[in-house]
Amino acid sequence: MNLDFYKYQGTGNDFVMIDNRTLTFPKENIALIAKLCDRNFGVGADGVILIENDTDFDFRMIYFNADGSQTFCGNGGRCAVAFAKYLEIIKAKTSFIAVDGPHLATIDNGIVSLKMIDVDEITVKENSVFAYTGTQHHVELVDNLDNFPVFEKGKEIRYSYSAPGSNVNFAQKINETTFRVRTYEKGVEDETLACGTGVTAVAIAMHKMGKTASNLISLPVEGGNLEVSFSEENGVYTNVYLKGPATFVFKGSISF
């Protein structure tokens with residue numbers, strides 16, 4: 001069979017996008033998902049995203065990591081919004097459902113502002129912070145991010161958490177409102193060029209730790225620049241928005 005797909009990227013986080021409103025994609029076929037994500041033998045991507053119909057929302061987003069595991073992906077969510085606009089499901093605003101619950105978003109000239117879930121699951125440790133921002137995230141401040149062994153340290157920390165483990169973010173403070181971030185992603189099992197839920201966790205962790213008093217944080221990543229804003233009251237973070245570009249790359253067909 002031939003599978004039509006579209007490739008999108010958000011600050012270097014890249015995804016195979018599939019219009020699955022006919023429910024023909026074999027979601028149980030983990031080998032196919034892995035093949036699509038394989039950069040040598042497939043399309044090449046950090047994950048696969050399906051767009052499906054939903055009776056209560058504009059669409060349903062289903063996200064698979066490269067290993068077939070399901071979670072929420074912030075940059076994937078932004079790309080899903082851009083893809084839904086391309087499919088003419090939405091225009092400038094949308095309400096969609098994902099594995100972690102409902103999301104609101106707007107899109108303007110390729111810039112997507114995505115409302116994330118409220119964040120109240122935050123654990124401050126001696127040298128790190130754990131936060132759930134739609135998926136699990138470990139955050140650490142480091143001094144020399146350019147030369148930091150992100151893959152080695154990230155993999156070690158990722159497996160120090162009980163199943164399903166944790167994504168691992170290393171951040172360096174640039175100034176009061178800017179934190180540079182590099183992320184090791186579970187499911188991909190490698191450093192990625194960006195992670196939306198990861199920079200969201202970093203922004204909230206830095207505020208929680210008192211490293212910034214701002215509620216609007218710029219987050220340069222390896223693949224570009226993202227922005228996170230939020231409100232905070234009694235340790236609960238609401239109105240959390242992830243903002244950045246979502247870009248169409250190419251479309252094609254692959255046999256399976």
Side-chain angles (χ1 to χ4, degrees), residues 9-14 46-47 65-67 69 71-78 114 116 119 121-230 237 240-245:
Q9 62 89 9
T11 54
N13 232 177
D14 57 343
D46 293 326
N65 284 314
D67 65 357
S69 58
T71 185
F72 181 68
C73 176
N75 285 328
R78 294 190 307 99
L114 172 67
M116 308 289 279
V119 180
E121 188 177 334
I122 308 167
T123 304
V124 179
K125 303 178 182 179
E126 185 176 355
N127 298 309
S128 65
V129 174
F130 176 87
Y132 186 86
T133 56
T135 189
Q136 301 83 1
H137 279 281
H138 173 104
V139 177
E140 279 191 25
L141 264 178
V142 299
D143 292 325
N144 188 355
L145 192 57
D146 280 332
N147 298 314
F148 194 83
V150 172
F151 177 82
E152 293 80 7
K153 290 292 187 181
K155 184 176 182 179
E156 176 185 330
I157 295 169
R158 177 257 193 271
Y159 285 105
S160 71
Y161 284 85
S162 58
S166 180
N167 297 284
V168 183
N169 307 273
F170 300 102
Q172 181 176 352
K173 185 173 182 176
I174 306 303
N175 57 46
E176 176 67 15
T177 61
T178 306
F179 293 83
R180 187 166 160 238
V181 182
R182 293 174 65 186
T183 302
Y184 178 97
E185 286 199 53
K186 64 180 174 64
V188 180
E189 305 308 335
D190 204 348
E191 181 179 1
T192 55
L193 294 179
C195 178
T197 53
V199 298
T200 302
V202 169
I204 288 171
M206 294 304 101
H207 187 270
K208 184 77 172 179
M209 294 170 70
K211 302 300 181 181
T212 179
S214 177
N215 63 351
L216 176 61
I217 311 295
S218 297
L219 299 130
V221 294
E222 297 298 280
N225 293 286
L226 293 165
E227 183 180 280
V228 172
S229 60
F230 51 78
Y237 291 80
V240 181
Y241 281 88
L242 169 68
K243 184 177 181 180

- Message: Please report the interatomic distance NE2(H138) to OG(S128), rounded to the nearest 0.5 Å.
- Response: 4.0 Å
- Can D46 and T192 be counted as having a side-chain donor-acceptor contact under 3.5 angstrom? no
- Query: Just by distance, with hydrogens left out, do T133 and T200 show a side-chain donor and acceptor under 3.5 Å apart?
  - Reply: no
- Message: Does this structure show an ion pair linking R180 with E222, if we count only N-O contacts that are shorter than 4.0 Å?
- Response: yes
- Task: Measure the acute angle between the ring planes of F148 and F170, then classify it against the limits of 30° and 60° as parallel, tilted or perpendicular.
- Result: tilted
- Item | Y241 and F230 aromatic centres sub-6.0 Å | no
- Query: CZ/R182 to CG/L193 distance, rounded to the nearest 0.5 angstrom?
  - Reply: 10.0 Å
- Message: For a 4.5 angstrom cut-off between non-hydrogen side-chain atoms, does K186 reach S166?
- Response: no
- Message: Test side chain to side chain contact (heavy atoms under 4.5 Å, CB included) on N225 and L219; report intermediate values, then the result.
- Response: CA-CA 6 Å; N225 293 286; L219 299 130; over 6 Å; no
- Query: Using 4.0 Å as the upper bound for N to carboxylate O, is an ion pair formed by K173 and D143?
  - Reply: no
- Item | Minimum side-chain heavy-atom gap F179-K211 below 4.5 Å | yes
- Item | Side chains of L242 and R78 in contact at under 4.5 Å (non-hydrogen atoms) | yes
- side chain to side chain contact (heavy atoms under 4.5 Å, CB included) evaluation trace for Y237 with I204: CA-CA 8 Å; Y237 291 80; I204 288 171; 3.7 Å; yes
- Message: Could you tell me if the side chain of T178 sits less than 4.5 Å from the side chain of P220, heavy atoms only?
- Response: yes
- Item | Under 3.5 Å donor-acceptor, E176 side chain and A213 backbone | yes
- Query: Are N65 and T71 close enough that some pair of their side-chain heavy atoms sits under 4.5 Å apart?
  - Reply: yes
- Query: Between atom CG of N215 and atom NE2 of H207, what is the distance when rounded to the nearest 0.5 Å?
  - Reply: 6.5 Å
- Note on the structure: Correct closest heavy-atom pair for G196 and V199 would be O-CG2, 3.3 Å
- Item | Inter-residue atom distance L114.CG - N75.CG, 0.5 Å rounding | 9.0 Å
- Does E156 reach the side chain of V168, with side-chain heavy atoms less than 4.5 Å apart? no
- Query: Is there side-chain contact between V129 and I122, with heavy atoms separated by less than 4.5 Å?
  - Reply: yes
- Query: Which heavy atom in L216 sits nearest to a heavy atom in S229, and how many Å separate them?
  - Reply: CD1-CB, 3.8 Å
- Does the Q9 side chain pair with the main chain of G12, one donor and one acceptor, at a distance under 3.5 Å? yes
- Task: Kindly give the heavy-atom pair with the smallest separation between G187 and S69, and that separation in Å.
- Result: CA-OG, 4.3 Å
- Note: E189-K155 ion pair, threshold 4.0 Å (strictly below): no
- Query: What are the two closest non-hydrogen atoms of N167 and E185, and how far apart are they?
  - Reply: OD1-CA, 3.3 Å
- Evaluate side chain to side chain contact (heavy atoms under 4.5 Å, CB included) for Y184 paired with R158, printing each intermediate quantity in order. CA-CA 8 Å; Y184 178 97; R158 177 257 193 271; 3.9 Å; yes
- Message: Any heavy-atom pair between the side chains of P245 and T11 that's under 4.5 Å?
- Response: yes
- Query: Between H137 and T197, is any side-chain donor less than 3.5 angstrom from a side-chain acceptor?
  - Reply: yes
- Message: How close do G10 and A194 get, counting heavy atoms only, and between which atoms?
- Response: O-CB, 4.1 Å
